[in-house]
4 protein chains.
Amino acid sequence: METRDDGAPRRGRPRSEEAHDAILAASLALIREVGFDAVAMDAIAARAGVGKATVYRRWKSKELLVVEAIGRIVRAVPDPDTGSTEDDLMVLMNATLRMYADPATSALLSGLVAAMARSEPIARAVRGGFVGMRREALRRVLRRGIDRGDLRGDTDLELALDLLSGPMLYRYLISGEAVDERLARGSVHAVLRAFAQDRSTEGPNLEVVR
Amino acid sequence: METRDDGAPRRGRPRSEEAHDAILAASLALIREVGFDAVAMDAIAARAGVGKATVYRRWKSKELLVVEAIGRIVRAVPDPDTGSTEDDLMVLMNATLRMYADPATSALLSGLVAAMARSEPIARAVRGGFVGMRREALRRVLRRGIDRGDLRGDTDLELALDLLSGPMLYRYLISGEAVDERLARGSVHAVLRAFAQDRSTEGPNLEVVR
Amino acid sequence: METRDDGAPRRGRPRSEEAHDAILAASLALIREVGFDAVAMDAIAARAGVGKATVYRRWKSKELLVVEAIGRIVRAVPDPDTGSTEDDLMVLMNATLRMYADPATSALLSGLVAAMARSEPIARAVRGGFVGMRREALRRVLRRGIDRGDLRGDTDLELALDLLSGPMLYRYLISGEAVDERLARGSVHAVLRAFAQDRSTEGPNLEVVR
Amino acid sequence: METRDDGAPRRGRPRSEEAHDAILAASLALIREVGFDAVAMDAIAARAGVGKATVYRRWKSKELLVVEAIGRIVRAVPDPDTGSTEDDLMVLMNATLRMYADPATSALLSGLVAAMARSEPIARAVRGGFVGMRREALRRVLRRGIDRGDLRGDTDLELALDLLSGPMLYRYLISGEAVDERLARGSVHAVLRAFAQDRSTEGPNLEVVR
DNA sequence: TCCTAAGCGAGACGGTACGTCCAGTCTTCGT
DNA sequence: ACGAAGACTGGACGTACCGTCTCGCTTAGGA
């Protein structure tokens, strides 16, 4: 974001790290308090004890700032390898479940989605951020599932990923129903069944699943 | 919206239907032209040839108006009964596909999602509107699939619905990848496979899976 | 105002006198409560228990209504004839003083003045109304003063009238100082002195002035 | 208006003088074009090439702005000292006459009067502004008249001022008759006569009047 | 006795201005 | 050249009021 790898000699007062952190912290706090798109830049700057120009010097728009602020929340995505495809998937699904359950995160989601639609840079940032990390983690697990023979070799990985991530999103954004472990486990089972090795030829895969 | 079936005698000049329709039409036109949240109430009123008060008399906020306007777009949802569960599902999925493909509708989706999150009334309106209609149509088809023996009797209908609707939403909002027939057909197949009657035995498959 | 002396046969439901009176009463009450130009026609109609059309059927504009309402306050102007020009004038001045002192009337004055400037019909109505009545009464007294020999025969009556009425208005509207008997008596004395018969002879009075 | 003499260090971008002046100029121009209370803040801001917030940052309401704008019109009040009280007074009266004759000023007067009645701050501003300046100039002349012996030592100065200013105001606002030199000269003569030293005797002049 | 014109309360209508609030930029200090 | 502070343009927001228009209803006189 504020890379300065141009080798230029960098003169003048250096940027304050405290300011940077204070802005991100203030953004998060305000987003939690009033919601994604009721946050005002004036309020963020005031809360951070910072001038508005200082904010805009670092982020080109409110949305880009908020995206980065949100990125702070979800830092680490697990990379499980228990030997069981189902268990591995459930580890990741439970992590996502926790994100939906956390009021701090969930309140942002829909506003974030709107911001992504409005602006391709934001969309890229989000896709390259925690969304991409989660997706990549799931992909690794699924690939191991294929290697292990739990899933067919011709499994459409992208489809499988969407079958795992889509239902939770849909419930959260649209139907407003519970995003809980029942849903997570149901999605996982559905994917495992849908892309399972054919029983008749390769022997009963259901045994394998466990 | 402003039904008045309370038997009260309804005094004063009645609200103008022309104004009502003109407002909705103007809203739709403007939404298509400038997008969901760049629409201005002033512009809607002006375009409709109507005072702002006339708009606010009917809808408490811009979002509620726009929600209703959007509801106008998608009126009829097909109710197919071809004899094949897969074909029936694909008819509905294709209808949804067309909605995502239609620039008029798709541009609104993310803004609408954000509005739902901001406001419970809007969420209710959307859920009760075209979202509910599509969901109900899918549910009917799935139930016929169960009756026909294509799907197991203990199929988790809500999960199946989310597996059908979620991936398209996810792709559209998050990953930005194509929402096409390949995805639709893949989702349908996955659901049919996941909830298929076990061919070899009649035993409840959940026992087996676990 | 709503004369109907055209000899036409007057068909249909006659106008309600109660409504008429209620409107005037409501106008006065509201003017007293919120001031001349903070009165809203909606409020007047509501307070009078009357539809707005009923108001506009009788008065073409808010200002014309308010003018008539104000006219109700000051009905009778005295017509004193005590034998003393000074005493007669003071009777009238005291009546005007009471008008300025009455919060009900005084609050209206400035708004009324603005309305007169905005609209010639209003100006005419006011001039022909209580302003004209007061002026006429003063004029009669002054004429008797001339007849009696208290004032010179060539007295500029209009100037004298303005010298009597202007200072009170000025204090009330502009300087905000007390409009009291001291001012009234001072004005009367000034006029009597200024237009007094020359005591010594009929000699040129301009000599005297300088 | 927005003095900042409190010794505080005044941080942030200072208010733009160009904007300030542009707003006042635009206000005056619009007032002349459309009249005192048909001026719209939007129009003023647009004409001045300024955001509305910039206007409201300086003046709390339209009226306060317009008052200050009007104050700009009449800057200098003459301070004549010809040796003749009558001539001195006529110099000032003629200046006032010109103000009433100038369409730019006169159109504002009644609206201004209403604004004064509505709001004490406005009244104070006007009284402290050009009204006060004129009044002070008249007062100085009258005092010299007393020193010179043209007027009695016990002359009620305030009364004399009101006798000079009131009639013009009254004609302008109420009777609608000409505010011309005849009126001005008549008022001056009346005041000079009314407060003249008694030539013949030193006896109290009130005896004479009665 | 019915007809028809006008009035009635209620409240919606088109317009217009209000004063507030943000976004993103710019300008003054002082560090 | 950074920092905080805060003013800048521009434009949407939702409210309030004016004077008009339309409902369904009532009240008269004339047929």
Side-chain angles (χ1 to χ4, degrees), chain A residues 9-16 18-19 37-43 45-46 48-57 59-63, chain B residues 9-16 18-20 37-46 48-58 60-62, chain C residues 9-16 18-19 37-43 45-46 48-63, chain D residues 9-16 18-20 37-46 48-62:
Chain A
R10 314 250 266 100
R11 297 187 301 173
R13 174 173 174 178
R15 291 198 182 160
S16 148
E18 291 94 57
D37 37 39
V39 206
M41 281 306 239
D42 304 68
V50 141
K52 279 211 287 175
T54 302
V55 180
Y56 280 102
R57 208 171 282 125
W59 294 275
K60 272 191 146 6
S61 75
K62 184 171 76 158
E63 273 148 0
Chain B
R10 307 254 276 98
R11 296 188 294 182
R13 174 174 177 175
R15 300 213 176 144
S16 152
E18 291 96 55
H20 199 97
D37 38 40
V39 209
M41 283 305 237
D42 303 66
I44 292 178
V50 141
K52 275 209 285 176
T54 300
V55 181
Y56 280 103
R57 210 172 280 125
R58 291 170 164 75
K60 274 193 142 13
S61 75
K62 186 170 68 163
Chain C
R10 313 247 270 99
R11 295 188 299 176
R13 174 172 176 175
R15 293 199 180 159
S16 149
E18 293 94 55
D37 37 38
V39 206
M41 282 305 238
D42 304 67
V50 140
K52 278 210 288 174
T54 301
V55 181
Y56 279 102
R57 208 171 283 124
R58 291 168 164 78
W59 294 275
K60 273 191 144 6
S61 74
K62 183 170 77 158
E63 273 148 2
Chain D
R10 306 256 276 99
R11 295 189 295 184
R13 174 176 177 175
R15 299 212 174 145
S16 152
E18 291 96 55
H20 198 95
D37 37 39
V39 209
M41 283 304 237
D42 304 67
I44 291 178
V50 143
K52 275 210 286 176
T54 300
V55 181
Y56 281 103
R57 208 172 280 125
R58 290 170 165 75
W59 295 275
K60 274 193 141 14
S61 75
K62 186 170 71 164

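Note that the structure is a prediction, hence the values are computed from the model and not measured. Throughout, protein chains are lettered first and strands after them, A, B, ... in sequence-line order, and every chain is numbered starting at 1.
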Nearest heavy-atom contact between Arg58(D) and His20(D) is NE-ND1, 3.1 Å
Using a cut-off of 4.0 Å on non-hydrogen atoms, how would the nucleic acid contact of Val55(D) be classed: base, sugar-phosphate, or nothing?
-> nothing
Protein-nucleotide distance (Arg58(C), atom CZ; dG9(E), atom P), rounded to Å | 8 Å
Comparing Lys62(A) with Pro14(C), nearest DNA chain E nucleotide closer to 5' gives the residue Pro14(C)
Could you check whether Ala53(C) gets within reach of a base, just the sugar-phosphate, or nothing at all, counting any heavy atom under 4.0 Å?
-> base
Report yes if at least one side-chain N or O of Arg11(B) is closer than 4.0 Å to OP1 or OP2 of dG24(F); otherwise report no.
-> no
Specify the residue among Thr54(D) and Tyr56(B) whose closest nucleotide of DNA chain F lies further upstream toward the 5′ end.
-> Thr54(D)
Could you tell me whether Ser16(B) contacts a base, only the sugar-phosphate backbone, or nothing, with contacts defined as non-hydrogen atoms closer than 4.0 Å?
-> sugar-phosphate
Would you give the length of the straight line joining atom OG of Ser61(A) to atom OH of Tyr56(A), rounded to the nearest 0.5 angstrom?
-> 7.5 Å
Rounding to a whole Å, what distance do you find between Arg13(C):CZ and dT26(F):P?
-> 9 Å
Interatomic distance, Asp42(A) CG vs dT20(E) P [rounded to whole Å] = 16 Å
To the nearest Å, how far apart are His20(B) NE2 and dC13(E) C1'?
-> 15 Å
Can you tell me the distance, in whole Å, between the CD atom of Glu63(A) and the C1' atom of dG24(E)?
-> 13 Å
Rounded to the Å, how far apart are Ile44(D) CD1 and dC18(E) C1'?
-> 12 Å
Report the residue (Val50(B) or Ser61(D)) whose heavy-atom-nearest nucleotide on DNA chain E is the more 5′ of the two.
-> Val50(B)
Indicate the atoms forming the closest heavy-atom contact of Ala19(D) with Ser16(D), along with that distance.
-> N-OG, 2.9 Å
Whole-Å distance, Lys60(D) NZ to dT20(E) C1', equals 12 Å
dT27(E) C1' sits how many Å from Arg57(D) CZ, rounded?
-> 13 Å
At under 4.0 Å between heavy atoms, what does Lys52(A) touch on the DNA or RNA strands: base, sugar-phosphate, or nothing?
-> base
So do the side chains of Val55(B) and Lys52(B) get within less than 4.5 Å of each other, counting heavy atoms only?
-> no
